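Some notes on the structure that comes next.
Only heavy atoms go into these numbers, but all of them, side chains included; no hydrogens, no water, no symmetry mates. The shown structure was predicted, so the numbers you read here are calculated from the model rather than taken from an experiment.
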Amino acid sequence: MGTLETERTTTGWAARDPSGVLSPYTYTLRSTGPEDVFVKVMCCGICHTDLHQAKNDLGMSNYPMVPGHEVVGEVLEVGSDVSKFRVGDIVGVGCIVGCCRNCRPCDSDNEQYCLKKIWSYNDVYTDGKPTQGGFAGSMVVDQKFVVNIPEGMAPEQVAPLLCAGVTVYSPLNHFGLMGSGLRGGILGLGGVGHMGVKIAKAMGHHVTVISSSDKKKVEALEHLGADDYLVSSDAEGMQKAADSLDYIIDTVPVFHPLEPYLSLLKLDGKLILTGVINTPLQFVTPMVMLGRKSITGSFIGSMKETEEMLNFCKEKNLTSMIEVVKMDYINTAMERLEKNDVRYRFVVDVAGSKLDQ
């Protein structure tokens with residue numbers, strides 16, 4: 001084991017202002033300690049939240065900001081008290097790199113709901129240094145927030161699972177929706193949605209994709225294996241599908257009405273919100289009352305669920321559908337993501353990119 005007493009510098013691509021344009025930025029990694037893992041980043045997925053944060057859509061961005069929270073890398077060095085990882089391990093880092101460890105969520109393996117959680121980027125670590133994400137050459141992360149990648153899984157395929165994959169797996173797990181034979185809906189077919197179809201199908205569910213147009217119908221049915229496809233503006237089709245679904249995972253990250261989708265749920269059905277939206281949503285209460293339906297939310301997943309999800313995907317041979325790009329394409333990729341012009345997740349080949357130009 002090496003020593004982690006000296007600070008290191010690394011180069012990432014950072015947003016400097018709400019334009020969201022990223023460019024090379026060299027910075028000092030936070031001071032490391034005995035529980036830390038020094039990771040050389042191999043690749044990192046691009047999530048819609050990266051776009052929100054880079055452009056200050058949520059009104060809480062701090063610059064310079066290096067986004068990226070779907071990180072896969074190689075362990076180069078470990079602290080003296082690190083027991084879970086060794087040099088050479090391929091590991092993953094997701095949305096969170098710290099928590100208080102003594103609240104109810106932390107004590108129940110739900111640290112993603114800790115009120116003092118520390119985000120992988122656009123946050124401040126316990127030592128007062130800003131956190132920076134995975135669009136960079138390396139990271140230093142507490143071992144609690146690092147996961148081993150199962151052997152045989154391709155790093156670029158795994159990266160989107162660390163956010164998109166666990167975002168779907170966690171609510172299905174928590175709400176007891178993992179049994180076969182359920183009928184589920186996936187609203188929105190992007191990075192999270194396409195993994196929702198794959199994971200739900202692997203659990204034995206009958207899966208209906210719900211979208212605003214029929215542009216992705218062939219892909220949903222033939223490439224992803226969905227059973228049905230609904231266009232939300234097709235009044236006749238929506239009426240026929242009323243009262244048919246046990247749950248809907250709503251992945252749409254922009255404002256949209258909820259009432260059309262509530263009508264699709266059976267008695268005790270759940271509409272599970274997973275998209276980050278900065279404007280209020282609305283519905284009339286009878287849509288929920290007359291069916292004892294629930295509107296609930298779920299946020300990524302715990303470290304325990306992340307490990308379970310990775311093992312599930314390995315067992316079921318599930319992969320994400322991705323487009324791999326170099327870092328110098330990152331701004332174009334962000335523009336395309338904003339237009340939903342990607343099938344279905346961009347992954348940056350960080351190790352294969354020149355970061356300083």
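- Checking side-chain atoms of Lys314 against main-chain N and O of Glu151 turns up a donor-acceptor pair under 3.5 Å.
- Remark: the backbone N or O of Asn110 is not paired with any side-chain donor or acceptor of Arg104 at under 3.5 angstrom.
- Of the residues listed (Met195, Glu219, Lys198, Arg345), the one engaging Met321 in a side-chain contact (heavy atoms from CB on, under 4.5 Å) is Lys198, and it is the only one.
- His223 contributes no side-chain N or O that, together with a main-chain N or O of Ala220, makes up a donor-acceptor pair within less than 3.5 Å.
- Scored by the side-chain hydrogen bond (donor to acceptor under 3.5 Å, both in side chains) test, Lys316 finds no partners at all (sequence neighbours excluded).
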### Pair Ser232-Ser212, side-chain hydrogen bond (donor to acceptor under 3.5 Å, both in side chains): steps then yes or no
CA-CA 5 Å; Ser232 55; Ser212 58; 5.6 Å; no
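- For Arg8 and Phe38, the positive end sits near the middle of the six-membered ring, less than 6.0 Å away and at most 45° from its axis.
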Let me have the donor-acceptor pairs involving side chains of residues 162-169, under 3.5 Å, with sequence neighbours excluded, atom names and distances please.
| residue | atom | partner | partner atom | Å |
| --- | --- | --- | --- | --- |
| Thr167 | OG1 | Cys163 | O | 2.6 |
| Tyr169 | OH | Glu308 | OE1 | 3.4 |

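- Each of Phe145, Tyr125, Phe299 was evaluated against Trp119; a single residue qualifies, Phe299, per the ring-ring contact (aromatic ring centres under 6.0 Å, His included) test.
- The residues Glu323 and Arg336 are annotated as salt-bridged, a charged nitrogen and a carboxylate oxygen being separated by less than 4.0 angstrom.
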In residues 274-284, what donor-acceptor pairs under 3.5 Å come from side-chain atoms, sequence neighbours left out?
| residue | atom | partner | partner atom | Å |
| --- | --- | --- | --- | --- |
| Thr274 | OG1 | Asp250 | O | 2.9 |
| Asn278 | ND2 | Asp57 | O | 2.7 |

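- The backbone N or O of Met60 lies less than 3.5 Å from a partner atom in the side chain of Asn122, making a donor-acceptor pair.
- When the shell of 6.0 Å around CZ of Arg86 is examined, it contains 12 or fewer heavy atoms from other residues, nucleotides or ligands.
- No side-chain donor-acceptor contact under 3.5 Å links Asp341 to the backbone of Leu337.
- Between Trp13 and Tyr27, the ring centre distance reaches or exceeds 6.0 Å.
- With Asp36 contributing its side chain and Val140 its backbone, the two residues share no donor-acceptor pair below 3.5 Å.
- Without hydrogens or angle criteria, Ser320 side chain to Gln157 main chain gives a donor-acceptor distance under 3.5 Å.
- Side-chain N or O atoms of Asp81 include none that pairs as donor or acceptor with a backbone N or O of Pro34 at under 3.5 Å.
- Judged by distance alone, the side chains of Thr28 and Thr9 never bring a donor and an acceptor atom under 3.5 Å apart.
- Not one N or O on the side chain of Glu35 forms a donor-acceptor pair closer than 3.5 Å with the backbone of Asp142.
- Other residues, nucleotides and ligands contribute only 12 or fewer heavy atoms inside 6.0 Å of the NZ atom of Lys40.
- Of the possible polar contacts, one joining the Lys326 side chain to the Gly352 backbone as a donor-acceptor pair under 3.5 Å is found.
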